[in-house]
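Report on the structure given below.
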Amino acid sequence: MQLPAAPDLTDLAHTHAGPMHWLATATATAAVVALAGLLQPSPAGTTAAAAPRPAAAPEAAGAAYPLECGGGPRTVAKRVSGDLDGDGNPETVAVVHCEAGSGTPPSGVYVLTRGKGADAPARVVATLVAPDQHRSVTELAVRDGAVLATLLGYSSLDVPRCCPDEKEQVSWRWKDGAFVRAGQDEARGA
C-alpha cells in the first residue's frame with residue numbers, strides 16, 4: 001500500500017506571515033498583558049484604597065526653643081527623627097545650643113512634633129535635657145522608638161568648661177504620656 005504524498009506546506013496561505021500578521025499578533029499580545037496587569041489581585045492585607053502616608057518629620061531649624069542665648073544665635077547641632085509615640089508619624093529630636101566662641105556650651109535636647117496647620121513650624125513638645133543641666137551631647141540616635149544619647153558633663157565647677165570629665169549613656173522612651181529616662185553613669189574621667 002502506498003501512502004499519498006504529503007502536501008507541500010510552503011504553499012499554504014497561513015504559513016506566509018506578512019506585516020499585517022505580525023502587527024495583529026503584537027497588538028493581541030499587548031492587550032493580554034495590559035488586561036492581566038489590571039486584573040491583578042491586591043497584596044494580602046491591603047485594601048483597595050491606599051493607606052495614608054505618614055507625614056514628614058518636623059523640621060528642626062524653624063522651631064522656637066526654650067533656650068536663652070542673650071540675643072546671640074542658636075545652633076541645631078544634631079537632629080534625628082523617628083516615631084517615638086507609636087502614632088505612625090515621626091517626631092524630630094534636636095540638640096540645640098547657643099553659639100559660643102570658646103568652651104563647650106551646654107546643650108538642650110528637645111522633641112519636636114509637627115505644628116498645627118500645613119505651614120506652621122514644628123513645636124517643642126518635650127525637653128529631654130535642659131541647658132541648665134550643663135550637659136553636652138556627643139551622640140544622638142533613635143532606635144526602636146527610643147531616643148539614645150551620650151551626655152558629657154562636669155563633676156564640679158572647678159573643671160574647665162572645655163573638658164568635660166563625666167560621660168553618661170542615657171535613653172528616653174515614651175510611656176504613659178511622657179518620656180521616661182533610663183541611664184547608666186560611666187566612671188569619671190571618661
Side-chain angles (χ1 to χ4, degrees), residues 42-70 73-100 104-157 159 161 164-190:
S42 61
T46 62
T47 63
R53 295 182 60 180
E59 179 56 49
Y65 296 98
L67 176 63
E68 181 54 48
C69 293
R74 297 179 182 134
T75 298
V76 177
K78 298 178 187 310
R79 64 184 154 272
V80 295
S81 297
D83 183 6
L84 302 177
D85 58 4
D87 68 353
N89 291 307
E91 288 75 33
T92 296
V93 181
V95 175
V96 183
H97 61 78
C98 298
E99 287 188 21
T104 306
S107 299
V109 180
Y110 306 99
V111 178
L112 307 171
T113 191
R114 300 213 52 81
K116 302 218 187 262
D119 295 330
R123 59 189 176 93
V124 175
V125 294
T127 299
L128 303 179
V129 176
D132 63 2
Q133 293 174 301
H134 302 287
R135 299 286 182 238
S136 299
V137 179
T138 59
E139 296 175 31
L140 182 69
V142 171
R143 275 192 224 108
D144 299 323
V147 178
L148 309 170
T150 301
L151 305 178
L152 302 180
Y154 308 93
S155 59
S156 74
L157 292 176
V159 176
R161 297 296 104 172
D165 64 341
E166 293 181 329
K167 183 177 182 180
E168 184 180 14
Q169 304 293 324
V170 295
S171 66
W172 295 266
R173 188 170 293 280
W174 184 255
K175 183 177 179 185
D176 298 327
F179 285 98
V180 178
R181 178 181 165 165
Q184 181 175 352
D185 292 327
E186 292 186 5
R188 289 197 197 289

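Quick note: numbers below take in every heavy atom, side chains included, and nothing from hydrogens, waters or symmetry partners.
The shortest distance between side-chain heavy atoms of Val137 and Leu151 falls below 4.5 Å. A 4.5 Å side-chain heavy-atom check between Val76 and Tyr65 finds at least one atom pair inside the cut-off. Side-chain contact check for Thr75 versus His97: some heavy-atom pair is nearer than 4.5 Å. Here the side chains of Pro106 and Asp132 are not in contact, with every heavy-atom distance at 4.5 Å or above. Looking only at side-chain heavy atoms (C-beta outward), Leu84 and Phe179 come within less than 4.5 Å of each other. At a threshold of 4.5 Å between non-hydrogen side-chain atoms, the residues Trp172 and Val93 do not count as touching.
Nearest heavy-atom pair across Gly62 and Pro121 is O-CB, 3.7 Å. Across all their heavy atoms, Pro90 and Pro58 have their closest contact at O-CD, 3.4 Å. The minimum heavy-atom distance linking Thr92 with Ser81 is given by the pair OG1-OG, 3.1 Å. The nearest pair of heavy atoms linking Asn89 to Asp83 is O-OD1, 3.3 Å.
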Show me, pair by pair, the donor-acceptor contacts under 3.5 angstrom made by side chains of residues 142-150, not counting sequence neighbours?
unit_1	atom_1	unit_2	atom_2	d
Thr150	OG1	Gln169	OE1	2.9
Thr150	OG1	Gln169	NE2	3.2

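Residues Ser136 and Ser107 have side chains that never bring a donor and an acceptor to within less than 3.5 angstrom of each other.
Between Leu140 atom CG and Leu128 atom CG the span is 9.0 Å, to the nearest 0.5 Å. If you take CD on Glu91 and CZ on Arg114, they are separated by 11.0 Å, rounding to the nearest 0.5 Å.
Comment: Lys78 does not engage Glu139 in a salt bridge, judged by the lack of any side-chain N to carboxylate O separation of less than 4.0 angstrom.
Dense packing is recorded around CZ of Arg74, with more than 12 heavy atoms of other residues, nucleotides or ligands lying under 6.0 Å away.
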